[in-house]
Novice: 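Sending over a structure as structure tokens; questions will come in a sec.
Numbering of residues begins at 1 and proceeds along the displayed sequence.
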Amino acid sequence: MRKHLMWASASLAIVIAGCGTSPTATATPSPTCVNASATHHAYVVVEHMSGTSLQRCVGFSGDTIDGKALMDQSGIPYQTQTFSFGLGVCAVDNEPAQFSECFPKDKPYWSLFIETAGAWAPAQVGFDQEKLKDTEALGWRYVPAVDQSPSPPPLAKES
């Protein structure tokens with residue numbers, strides 16, 4: 001039995017040592033931004049009810065990118081409904097999993113913020129009518145219905 005333990009220990013040491021060596025070919029890192037080589041970059045930050053968050057970066061040319069184009073290019077799934085103020089978001093990143101109306105009474109909703117110069121402000125129009133400049137962000141936070149003055153999601157981290 002002692003031989004088996006020594007053999008197992010030696011084998012484990014070889015495996016651990018092998019894991020620490022550098023590979024001969026390095027993997028190409030995945031781009032941190034959609035259209036990363038573009039002149040300008042805007043961000044989407046999503047904070048779920050659970051507190052988990054995600055961020056996407058989208059490169060664009062021109063002076064601005066509208067919020068709908070930013071969301072579409074981010075790859076984050078979302079669903080909308082049209083209102084007098086523009087598009088309202090009913091679901092982002094599959095939260096909620098199902099819904100029958102966008103802003104149901106006494107149910108959580110997506111609150112929208114715009115980040116400019118490192119500070120969030122509540123959006124005043126639908127996200128499709130927002131025009132974002134370089135380094136600005138759309139921020140979504142899923143909040144309980146009782147939260148009439150929700151705090152914004154975490155600030156975007158430039159990539």
Novice: Please give me the minimum heavy-atom distance between A38 and S61, naming the atom from each residue.
Specialist: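 Looking at all heavy atoms of both residues, the shortest contact is CB-N, 4.5 Å.
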Novice: Check for me, please, whether V92 and F85 land in the same ILVMFWY cluster - side-chain distances under 4.5 Å, paths through other members count.
Specialist: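 Not linked; separate clusters.
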Novice: Do M49 and P144 have side-chain heavy atoms sitting under 4.5 Å apart?
Specialist: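 A side-chain contact exists here, since the closest heavy-atom pair is under 4.5 Å.
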Novice: Once you round to the nearest 0.5 Å, how far does CD of E130 lie from NZ of K68?
Specialist: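 E130 atom CD to K68 atom NZ measures 15.0 Å (nearest 0.5 Å).
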Novice: Could you tell me if Y109 and D147 have a donor-acceptor pair between their side chains, going purely by distance under 3.5 Å?
Specialist: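 Per modelled atom types, D147 and Y109 side chains form no pair under 3.5 Å.
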Novice: Which pair of heavy atoms, one from R141 and one from F113, lies closest together, and at what distance?
Specialist: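 Residues R141 and F113, closest heavy atoms: CB-CE1, 4.4 Å.
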Novice: Please report the closest heavy-atom contact between P153 and G139, naming both atoms and the distance.
Specialist: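 Looks like CG-CA, 3.8 Å.
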Novice: For the residue pair F99 and K107, establish whether any side-chain heavy-atom pair is separated by less than 4.5 Å.
Specialist: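 Contact flag for F99/K107 side chains = no.
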Novice: Can you tell me how far apart CD (E47) and OG (S111) are? Round to the nearest 0.5 Å.
Specialist: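 Between E47 CD and S111 OG, I get 11.0 Å after rounding to 0.5 Å.
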Novice: Please name the pair of heavy atoms, one in L112 and one in F127, separated by the smallest distance, quoted to 0.1 Å.
Specialist: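 Taking every non-hydrogen atom into account, CD2-CB, 3.5 Å.
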Novice: Which residue in the set K131, H40, K133, Q73 passes side chain to side chain contact (heavy atoms under 4.5 Å, CB included) when paired with I65?
Specialist: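 Checked K131, H40, K133, Q73 against I65; only one passes side chain to side chain contact (heavy atoms under 4.5 Å, CB included): Q73.
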Novice: Given the rule that I, L, V, M, F, W and Y join up when any side-chain heavy atoms are under 4.5 Å apart, are W120 and V44 in one cluster?
Specialist: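 Different hydrophobic clusters.
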Novice: Is there a side chain to side chain contact (heavy atoms under 4.5 Å, CB included) between V46 and I76 once you walk through the steps?
Specialist: CA-CA 9 Å; V46 176; I76 298 170; 4.1 Å; yes
Novice: Which distance, rounded to the nearest 0.5 Å, do you find between the SG of C90 and the CD of E95?
Specialist: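 Atom-to-atom, C90:SG and E95:CD are 13.5 Å apart.
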Novice: If every non-hydrogen atom of C102 is compared with every non-hydrogen atom of Q81, which pair is closest and at what distance?
Specialist: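 For C102 versus Q81, the nearest heavy atoms are CB-OE1, 3.1 Å.
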Novice: Report the relative orientation of the aromatic rings in W140 and W110; use parallel for angles under 30°, tilted for 30 to 60°, perpendicular for over 60°.
Specialist: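 Correct class here is perpendicular.
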Novice: Between the side chains of Q129 and D66, is a donor N or O closer than 3.5 angstrom to an acceptor N or O?
Specialist: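 Checked: Q129/D66 side chains show no N/O donor-acceptor pair below 3.5 Å.
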Novice: How many angstroms lie between CG in D93 and CZ in R56, if you round to the nearest 0.5 Å?
Specialist: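 Answer for the CG-CZ pair, D93 versus R56, is 7.5 Å.
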Novice: Give, for atom OG1 of T64 and atom CG of D134, the distance between the pair rounded to the nearest 0.5 Å.
Specialist: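 One gets 11.5 Å once the value is rounded to the nearest 0.5 Å.
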Novice: So how far is it from Y78 OH to L138 CG, rounded to the nearest 0.5 Å?
Specialist: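 One gets 10.0 Å once the value is rounded to the nearest 0.5 Å.
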Novice: Grab the two heavy atoms, one from A123 and one from I114, that are nearest each other, plus how far apart they are.
Specialist: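 A123 and I114 have their closest heavy atoms at CB-CG1, 4.1 Å.
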Novice: Hey, is the main chain of A117 close enough, under 3.5 Å, to the side chain of E136 for a donor-acceptor pair?
Specialist: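 No, because the side chain of E136 does not come within donor-acceptor range (under 3.5 Å) of the backbone of A117.
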Novice: Would you please test F60 and H41 for side chain to side chain contact (heavy atoms under 4.5 Å, CB included) and show each step?
Specialist: CA-CA 6 Å; F60 63 97; H41 300 93; 5.5 Å; no
Novice: Let me know which of D128, V58, V34 forms a side chain to side chain contact (heavy atoms under 4.5 Å, CB included) with L70.
Specialist: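 Filter result, single survivor: V58.
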Novice: Suppose we call two aromatic rings close when their centres sit under 6.0 Å apart. Are Y142 and H48 close by that rule?
Specialist: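 When the ring centroids of Y142 and H48 are compared, they turn out to be at least 6.0 Å apart.
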